[in-house]
There are 2 protein chains.
Amino acid sequence: MVQYSNAPLDLSFAALSDATRRGIIGQLVRGDASITSLADRFQMTLTGIKKHVQVLERAGLVVTQKVGRVRTSQLGKRGLKAEAEWIEAHRMLFEARFDALDEIIMQMQQEDSDEPAR
Amino acid sequence: MVQYSNAPLDLSFAALSDATRRGIIGQLVRGDASITSLADRFQMTLTGIKKHVQVLERAGLVVTQKVGRVRTSQLGKRGLKAEAEWIEAHRMLFEARFDALDEIIMQMQQEDSDEPAR
DNA sequence: TGAATACTGAACCATACGGTTCAGTATTTG
DNA sequence: CAAATACTGAACCGTATGGTTCAGTATTCA
């Protein structure tokens with residue numbers, strides 16, 4: 001048995017699994033945004049958007065601050081480094097496996113040509 | 001309003017948001033595995049593991065095949081390319097934003113030194 | 001053939017998710 | 001001060017998730 005558990009990745013991958021939330025990130029890349037502006041853009045109630053922003057916040061992808069009556073969201077400094085690292089590491093291993101297979105296949109073909117028909 | 005929706009990414013990010021499922025991928029990188037062997041390794045019932053494998057399958061990350069009474073799981077050929085691309089693209093934009101900020105700060109400092117005390 | 005193995009499916013459970021409405025509260029603005 | 005704006009919180013709803021147990025079914029082994 002092995003104990004796998006990495007809450008930060010749990011939270012951020014879960015946050016990224018929703019199209020609206022990915023959209024919010026895409027929007028924040030172009031500039032900070034209020035709850036109202038996001039609600040307009042994504043055709044959703046303020047409450048709905050607020051919940052999405054909270055999910056992104058809990059995942060550390062977004063930070064918000066309230067000035068007067070307006071809450072502004074912006075991208076968190078933490079960024080997507082940890083997520084990129086997990087994905088990249090495993091992507092390489094995924095591909096390594098298929099490359100290994102390719103290599104075996106190539107080797108087999110090599111052996112075939114080493115052994116010309118007699 | 002913009003319509004954001006990308007079911008494949010929804011499914012794969014959701015699949016990756018669970019530590020057990022990331023663990024299963026980590027295991028499959030080292031070789032194909034039966035439901036029973038995964039259940040042993042992750043201290044979970046066969047039924048529980050089977051559900052996780054199904055989630056990974058629906059996301060296209062894993063494929064399975066049953067031979068005799070044993071179902072073997074292996075990594076899907078599709079890999080993590082789309083996920084890596086989304087993350088990388090947005091990571092760069094995340095960082096570009098902070099770099100831009102850094103640049104503005106540097107420019108301000110530049111202007112300060114352009115204007116020596118009189 | 002009979003027992004052991006490996007999985008499968010249905011049912012259930014508690015909790016979380018994605019969304020809404022509705023009734024506030026706090027902050028501008030005229 | 002009154003009205004408009006921007007958000008907030010509670011409550012609710014239907015569905016999904018992560019897990020279990022239990023009762024099969026299909027395969028393999030002795």
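Chain naming here is simple, since letters A, B, ... match the order of the sequence lines and numbering starts at 1 in each.
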| request: Please determine, for the side chain of A:R69, which listed nucleotide (D:dG19, D:dC12, C:dT27) has the closest atom? | output: C:dT27
| query | Should the ring pair B:F13 and A:F13 be called parallel, tilted or perpendicular, given that the plane angle runs from 0 to 90° and is split at 30 and 60? | reply | parallel
| task | Please state how far atom CD1 in B:I35 lies from atom C1' in D:dT25, giving the value in whole angstrom units. | result | 16 Å
| message | Could you check whether any side-chain N or O of A:R58 sits under 3.5 Å from a backbone N or O of A:A15, counting only pairs where one atom can act as donor and the other as acceptor? | response | no
| N or O in side chain of B:R71 less than 4.0 angstrom from C:dT8 OP1/OP2 | yes
| Side-chain contact, heavy-atom cut-off 4.5 Å: A:L9 with B:R22? | yes
| Rounded to whole angstroms, how far apart are CG on B:L16 and P on D:dT17? | 14 Å
| task | Take the protein atom CE of B:M44 and the nucleotide atom C1' of D:dT21, then report the distance between them rounded to whole Å. | result | 15 Å
| field | Distance, rounded to the nearest Å, where A:Q54 contributes CD and D:dG9 contributes C1' | value | 10 Å
| Rounded interatomic separation in angstrom, taking CD from A:Q43 and P from C:dG18 | 19 Å
| said: Does a side-chain N or O of B:H52 approach OP1 or OP2 of D:dG19 to a distance below 4.0 Å, or not? | reply: yes
| field | Check: A:I35 and A:T72 side chains under 4.5 Å, non-hydrogen atoms | value | no
| field | Rounded interatomic separation in angstrom, taking CD1 from A:I49 and P from C:dT21 | value | 14 Å
| task | Any chance you could measure A:M44, atom CE, to A:K51, atom NZ, to the nearest 0.5 Å? | result | 11.0 Å
| task | Determine the contact category for B:G48: base if any of its heavy atoms lies under 4.0 Å from a base atom, sugar-phosphate if only primed atoms, P, OP1 or OP2 are that close, otherwise nothing. | result | base
| request: Examine C:dT27: is either OP1 or OP2 under 4.0 Å from a nitrogen or oxygen in the side chain of A:K66? Give yes or no. | output: no
| Does A:V55 or B:T47 map to a spot on DNA chain C nearer the 5' end, using the closest nucleotide for each? | B:T47
| Spacing between A:D10 atom CG and D:dG18 atom P, to the nearest angstrom | 9 Å
| said: Mind checking if A:K50 touches a base, just sugar-phosphate, or nothing, with heavy atoms under 4.0 Å? | reply: sugar-phosphate
| message | Distance check needed: C:dC17 P versus A:F13 CZ, whole Å only. | response | 17 Å
| request: Could you check whether B:K51 gets within reach of a base, just the sugar-phosphate, or nothing at all, counting any heavy atom under 4.0 Å? | output: base
| message | Both B:D18 and A:L46 contact DNA chain D. Which one's nearest nucleotide lies toward the 5' end? | response | A:L46
